[in-house]
Amino acid sequence: MNPSAPAPTLLGVSALYHDAAAALVRGPEIVAAAQEERFSRKRHDPRLPEHAIDYCIAAAGGPAEIDGVAFYEDPALALDRVLKGVIETAPASEQIWSTAARLQLGEKINVAEALTRKLGPLAADNVFFVDHHLSHAASAFYPSPFEDAAIVVADGMGEWASTSIARGSPAGIEMLAQIHYPHSLGLLYAAFTYHCGLKVNSGEYKLMGMAPYGEPRHVQRILDELVDLRDDGSFRLNTEYFGFLDSDEATNAKFDAWAGGARRAPESPIDVRCMDLAASVQAVIDEAMFRLAREALARTGSRNLCLAGGVALNCVATSRLASRLNGPRHVWIQPASGDAGGALGAALHVAHEHYRQPRHARVGSDDAQQGSLLGPEFDDAAIEAALQEAGIVFHAVGRGADHTRRVAQALADGLIVGRFDGRMEFGPRALGNRSILADARRPDGQSHINLRVKFRESWRPFAPVVPIERVADYFDTDAPSPYMVRVAAVKPELRREVDWAGFRDGESDMLKVLNQPRSSLPGITHVDYSARLQTVDAATQPGLHALLAEFEALTGCAVLINTSFNVRGEPIVCSPADAIACFLHTGIDVLAIGGCIAFKKEQSAELRAMEGKASFDPD
Amino acid sequence: MIPIDDTTPEALFADALMPLQQVRSRKDLHYFARSADAAEPSYWQPVATRTGGMVRCALGEAEGTALLEALGAHWDATGESQLGSLLPELEAMRRALHEAAPAAAERTSTISYSAYPLF
């Protein structure tokens, strides 16, 4: 690296499969990142992320400022896998080939032309293709606080790889070994997700939430018949049980027979059979991820572990592996571990590998993810204009202590608050800036929010948010969890016994179990007393930290429910207009947006009549 | 081999991919294993990459035609040059599909995400 050369500005893009995104890095530092779905309002939008790219170009100062563009995959090698997969499974694959050819040859192989359309001549001469799993590995290692690390990537698949282990060091990232398609932990979990009536690529977290209701009584059958999991973390699926090789179904009749029944119809009641399947495959994924981590740490000799890929979003598995690893280990998980994070990783890898940029400035002490608050923000002028245009009655109180006091009082009064503040989160979790907040102590908090805001009955409790200095008062950990990628148990003294009588004997009503107060924080406590934890520190999120402190001063409780600011089937809100629409169409009582506060009860009868009128797709 | 002017995926499947599959099947050749093998001490595999992990291209080298040529070079380098016979048809199909493809903003994906081999 020439120390006098300006730091390169690079655009990273992931697209054309699932959850397209764009990211901007300058030198080793992350400037911006956002998923396309937030702008297009199409959930998990896979299309070329035109709006997210525009956002990143604006953050760069214009197209001429961008030195290069990095795509998160090698389209040629992806086509290689598609062709070989189709040949291998012909003639059954004839139908999927017709669709695959149009995707691969009509769009993906031509992606460079589309990527460079909006950029200047400099970027057009610097198009980079970064292998899919290397992009994921880079997204986990380069922003991490570690000088060196073992890296595990696990997802559905990339070009060929479904699982990779790698070494991150001051010299860069060295890929060490892989498991290739069709053998994949992501595809295994997706098959169970599909069989249990949930959507592949979005319902996996629901299956994880279903698992605590079941008993893992099929673990050995899975290991004997569906996946051969070796002690060194390597594995191979028995593909006879899966439909994904040559059809557009994740499973097949043989899987159904193995699972003891046909696929559960989406939206139908969930029975113990599905709960037990969920618990069983969760236990298998727990064990597989632990063995992968152990192998990666052994091969690299590092005491640090970085995780990425869609399977790394399974916070139950990653939390369990962290607790099982011997000796002091440090684990960092990319908050946008799915394909969206590949955009960030591709750009970071080019910055380090091609432009020889140093690591970020906080290595050794903190990560470079900036709380994953990397998306657009809006000033109060824009917010007030949007409120006025919508005819909202609001209080412009500024972003200071008065705002905090009013919102905390509303929460203490049992109201549901939509909080819109600062930069939008990058990744699947709302971390406070595009969040719905509520009192976690409310006995009916779970059903209250689900029915009034989310328009669903859910077997999953909400996530808690707590100041880092108070986390050990409520949970069995004192470790930071700023990205909601870990679970922790509610402290025993706060728990209440759950009555499971009759549950497995035919009744199996999950909501009856869930609606029992399982702790003094029922809104965030799962039926196994776990919680998907978010901790907040004053430096990264001063506004949210102050709100939690004020809520504690009013109530004696420092924990709030934090759930994403959206309704079922929609992406998390991005703009003030999105937030206002969600406020009006749902039972959110208070909209705390920038320096403004709006109360539902103060709105006109016409606006209040909009509540509950939104239509939505099943998620 | 299919004529270049028949650029449909269906034609390529019938006239090129199926015959390749039949040849490979007769020789018991497979691109990947489909089940466990007790004789394998481990299932770890070498890193699959065409580029060494990352490649930089000028736009002309990154466009679809160039990427297909690069894939052909990869097949030659990995001893799979029989796949190279597909390249003219793949390029013709790429041109036809690319011209017919709707703009990204207009496309509404209806593809099942369960169909992993498509991507």
Side-chain angles (χ1 to χ4, degrees), chain A residues 17 46-48 74-77 80 82 84-88 90-91 94 96-103 105-107 109-110 112-113 116 124-125 127-131 134 156-157 160-161 175 177-180 182 194 200-201 228 230 232 234-236 238-239 244 248-250 349 353-354, chain B residues 8-10 12-14 17-18 20-21 24 30-38 40 42-51 53-59 61-64 67-68 70-71 74-75 83 86 90 93-94 97-98 100-101 104-105 107 109 111-119:
Chain A
Y17 173 44
R47 296 171 295 182
L48 197 77
D74 175 358
L77 198 61
D80 174 70
V82 168
K84 289 174 179 173
V86 166
I87 293 169
E88 184 71 29
E94 181 173 12
I96 62 165
W97 164 246
S98 297
T99 312
R102 287 175 173 84
L103 280 170
L105 293 162
E107 289 191 87
I109 204 86
N110 305 301
E113 184 186 330
T116 53
D125 271 341
V127 178
F128 296 84
F129 295 110
V130 182
D131 287 354
L134 186 54
M157 65 185 173
W160 275 98
M175 302 299 281
Q178 292 180 329
I179 307 291
H180 296 162
Y194 178 81
V200 168
N201 267 337
D228 182 16
R230 297 292 176 83
D232 66 359
S234 68
F235 60 89
R236 190 177 281 179
N238 184 348
T239 61
F244 56 75
D248 61 358
E249 306 283 324
H349 188 72
E353 186 69 20
H354 183 79
Chain B
T8 63
E10 293 76 13
L12 183 72
F13 187 89
L17 302 186
M18 268 308 298
L20 271 173
Q21 192 278 336
R24 295 181 59 80
H30 299 284
Y31 286 120
F32 44 76
R34 297 216 212 173
S35 60
D37 182 352
E40 293 272 2
S42 170
Y43 296 128
W44 284 113
Q45 295 170 271
V47 175
T49 182
R50 181 183 66 86
T51 62
M54 177 189 77
V55 63
R56 170 180 172 257
C57 316
L59 179 56
E61 305 157 333
E63 288 173 336
L67 283 182
L68 283 177
L71 180 57
H74 174 69
W75 285 334
L83 290 170
L86 299 173
L90 291 173
M93 196 187 312
R94 184 198 71 78
L97 291 171
H98 189 41
R107 184 166 69 81
S109 177
I111 298 158
S112 165
Y113 287 126
S114 301
Y116 277 92
L118 305 186
F119 302 93

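The chains referred to below are lettered A, B, ... by the order of the sequence lines, with proteins before strands, and numbering in each begins at 1.
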Practice problem: Below 4.5 Å from any heavy atom of chain A, which atoms of Ala33(B) appear? Answer side chain, backbone, both or neither. | Solution: both
Exercise. Using non-hydrogen atoms and a 4.5 Å limit, figure out which bit of Ala161(A) sits close to chain B: side chain, backbone, both or neither.
Key: neither
Exercise. Locate the shortest heavy-atom distance separating Ala62(B) from Val127(A); write the atom from each residue and the value.
Key: CB-CG1, 3.9 Å
Quiz item: What's the shortest heavy-atom distance between Ala48(B) and Leu77(A), and which atoms?
Solution: O-CD2, 3.9 Å
Exercise. Indicate the atoms forming the closest heavy-atom contact of Ser42(B) with Ser234(A), along with that distance.
Key: OG-OG, 3.3 Å
Self-check item: Most chain A-contacting option - heavy-atom pairs closer than 4.5 Å, from Leu20(B), Asp37(B), Thr49(B), Leu59(B)
Solution: Leu59(B)
Self-check item: Atom of His98(B), atom of Gly106(A) and distance for their closest heavy-atom approach
Solution: ND1-O, 3.5 Å
Quiz prompt | Option that, when pairs with chain A are counted at under 4.5 Å, heavy atom only, ranks first among Leu71(B), Leu90(B), Val55(B) | solution = Val55(B)
Practice problem: Please state whether the side chain, the backbone, both or neither of Ser98(A) comes within less than 4.5 Å of a heavy atom of chain B. | Solution: both
Quiz item: At their closest point, which heavy atom of Glu88(A) faces which heavy atom of Arg34(B), and how far apart are they?
Solution: O-NH2, 3.1 Å
Quiz item: Non-hydrogen atoms of chain B under 4.5 Å away: do they reach the side chain of Pro75(A), the backbone, both or neither?
Solution: side chain
Exercise. Heavy-atom pairs under 4.5 Å with chain A are the metric here; pick the option from Glu63(B), His30(B), His74(B), Arg24(B) that has the most.
Key: His30(B)
Quiz item: What part of Ile87(A) is in contact with chain B, defined as an atom under 4.5 angstrom from a non-hydrogen atom: side chain, backbone, both or neither?
Solution: both
Practice problem: Could you walk me through whether Tyr43(B) and Asp228(A) pass the side chain to side chain contact (heavy atoms under 4.5 Å, CB included) test, one step at a time? | Solution: CA-CA 9 Å; Tyr43(B) 296 128; Asp228(A) 182 16; 2.6 Å; yes
Self-check item: Qualifying residue for side chain to side chain donor-acceptor pair (under 3.5 Å) with Arg50(B), from Asp74(A), Asp131(A), Asp80(A)
Solution: Asp74(A)
Quiz item: If only atom types and distance count, is the side chain of Arg236(A) paired as donor or acceptor with the main-chain N or O of Ser35(B) below 3.5 Å?
Solution: yes
Practice problem: Determine, step by step, whether Leu105(A) and Leu68(B) satisfy the side chain to side chain contact (heavy atoms under 4.5 Å, CB included) criterion, reporting the C-alpha distance in whole Å, the side-chain angles of both residues, the deciding distance to 0.1 Å, and the verdict. | Solution: CA-CA 10 Å; Leu105(A) 293 162; Leu68(B) 283 177; 4.2 Å; yes
Self-check item: Arg56(B) CZ to Asp125(A) CG distance, which is reported to the nearest 0.5 Å
Solution: 7.0 Å
Quiz item: Between Phe235(A) and chain B, which part of the residue has a heavy atom less than 4.5 Å away: side chain, backbone, both or neither?
Solution: backbone
Exercise. Give the member of Met175(A), Arg102(A), Glu113(A), Glu353(A) that has the highest number of heavy-atom pairs under 4.5 Å with chain B.
Key: Arg102(A)
Quiz item: Is there side-chain contact between Lys84(A) and Leu83(B), with at least one heavy-atom pair below 4.5 Å?
Solution: yes
Self-check item: Test item: Trp44(B) side-chain N/O and Asp232(A) main-chain N/O as donor-acceptor pair under 3.5 Å
Solution: yes
Exercise. Identify the heavy atoms of Leu67(B) and Ala76(A) that sit nearest to each other, and give their distance.
Key: O-CB, 3.8 Å
Exercise. Sort Arg230(A) into side chain, backbone, both or neither according to what part of it lies under 4.5 angstrom from a heavy atom of chain B.
Key: side chain
Exercise. Find the distance between CD (Glu61(B)) and CZ (Phe129(A)) and round it off to the nearest 0.5 Å.
Key: 10.5 Å
